[in-house]
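For the single chain, residues carry numbers from 1 onward in sequence order.
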Amino acid sequence: MTITEKQDELIDELSGLDDWMDRYSYIIDLGNQLPAIDESLKTPSHLIEGCQSRVWLNAEERDGLVYYTADSDAIIVKGIIALLIKVLNGH
């Protein structure tokens, strides 16, 4: 699936939720489904600078494709990270 197709799928899913609390819950649930990042990656070199929350991001290249793992200490930020990973992973 292309990045655009994945993006459109997420837009459709979120558009189907009329209430902002449902959208908020959906994003939080996505964050809760993120695979745990290896604790050894929670280092200053993986920490995103300038964010109010603490966000750790790791990218690995495998067979010419990039795969991300990430974590945050804020649940909504973790959900937003999950949205990005869902769209960008494997491209």
Side-chain angles (χ1 to χ4, degrees):
M1 189 179 285
T2 68
I3 289 175
T4 301
E5 291 169 335
K6 288 180 180 182
Q7 176 182 306
D8 290 345
E9 185 178 86
L10 275 173
I11 291 168
D12 287 344
E13 289 173 15
L14 285 166
S15 296
L17 303 171
D18 296 327
D19 183 64
W20 71 270
M21 283 300 288
D22 291 339
R23 289 180 183 163
Y24 189 75
S25 293
Y26 175 81
I27 292 169
I28 290 171
D29 287 343
L30 281 178
N32 289 333
Q33 294 171 25
L34 266 183
I37 190 172
D38 190 306
E39 289 296 316
S40 68
L41 296 173
K42 289 187 176 181
T43 63
S45 65
H46 290 94
L47 195 61
I48 303 295
E49 297 280 334
C51 187
Q52 292 278 333
S53 307
R54 294 173 56 190
V55 177
W56 298 271
L57 177 66
N58 184 59
E60 292 182 16
E61 183 267 331
R62 286 179 278 179
D63 300 322
L65 304 174
V66 180
Y67 295 89
Y68 299 92
T69 54
D71 196 8
S72 177
D73 60 359
I75 59 173
I76 193 66
V77 173
K78 190 171 180 175
I80 293 167
I81 292 167
L83 289 170
L84 291 170
I85 288 174
K86 192 169 184 172
V87 172
L88 299 174
N89 240 12
H91 289 277

Q | Tyr68 with Trp56, same ILVMFWY side-chain cluster at under 4.5 Å | A | no
**Q.** Side-chain cluster (under 4.5 Å, hydrophobic types only) that Leu65 belongs to, other residues
**A.** Tyr67
Q) Between atom CG of Asn89 and atom CD1 of Ile3, what is the distance when rounded to the nearest 0.5 Å? A) 10.5 Å
Q. Less than 4.5 Å apart, any side-chain heavy atom of Ile27 and any of Leu83?
A. yes
Q.
Would you compute the distance between atom CG of Leu57 and atom OG1 of Thr69 and round it to the nearest 0.5 angstrom?
A. 7.0 Å
**Q.** Partners meeting side-chain contact (heavy atoms from CB on, under 4.5 Å) with Glu13 (sequence neighbours left out)
**A.** Glu9, Leu10, Tyr26, Lys86
Q | Spacing of Ile76 atom CD1 and Ser25 atom OG [to the nearest 0.5 Å] | A | 8.5 Å
**Q.** For Glu39, all residues meeting salt bridge (charged side-chain N to carboxylate O under 4.0 Å, His left out), sequence neighbours excluded
**A.** Lys42
Q: List for me each residue that meets side chain to side chain donor-acceptor pair (under 3.5 Å) alongside Asp38, sequence neighbours excluded, and say none if there are none.
A: Ser40
Q. Can you list every pair that meets salt bridge (Lys or Arg N to Asp or Glu O under 4.0 Å) and has a residue in residues 55-68, with sequence neighbours left out?
A. none
Q: Flag yes if Val66 and Leu41 sit in one hydrophobic cluster, no otherwise; membership is Ile, Leu, Val, Met, Phe, Trp, Tyr, and two members link when side-chain heavy atoms are under 4.5 Å apart.
A: no
Q | From Asp29 atom CG to Ile75 atom CD1, the distance as rounded to the nearest 0.5 Å | A | 10.0 Å
Q | Partners passing salt bridge (charged side-chain N to carboxylate O under 4.0 Å, His left out) against Lys6 (at least two apart in sequence or in another chain) | A | none
**Q.** side-chain contact (heavy atoms from CB on, under 4.5 Å) partners of Ser15, counting only residues at least two apart
**A.** Ile11
(Q) Run the side-chain contact (heavy atoms from CB on, under 4.5 Å) test against Ser72 and tell me which residues pass, sequence neighbours left out. (A) Ser53, Val55, Ala74, Val77, Lys78, Ile81
Q) Are Ile48 and Leu88 connected, step by step, through hydrophobic side chains (Ile, Leu, Val, Met, Phe, Trp, Tyr) whose heavy atoms are closer than 4.5 Å? A) yes
Q) Do the side chain of Arg23 and the main chain of Leu17 share a donor and acceptor less than 3.5 angstrom apart? A) yes
Q. Should side-chain heavy atoms under 4.5 Å link Ile, Leu, Val, Met, Phe, Trp and Tyr, which residues sit in the same cluster as Met1?
A. none
Q. Given a cutoff of under 4.5 Å between side-chain heavy atoms of I, L, V, M, F, W and Y, with clusters grown through shared members, what are the other residues clustered with Leu84?
A. none
Q: Apply side chain to side chain donor-acceptor pair (under 3.5 Å) to Thr43 and list each qualifying residue two or more places apart in sequence or on a separate chain.
A: Ser45, His46
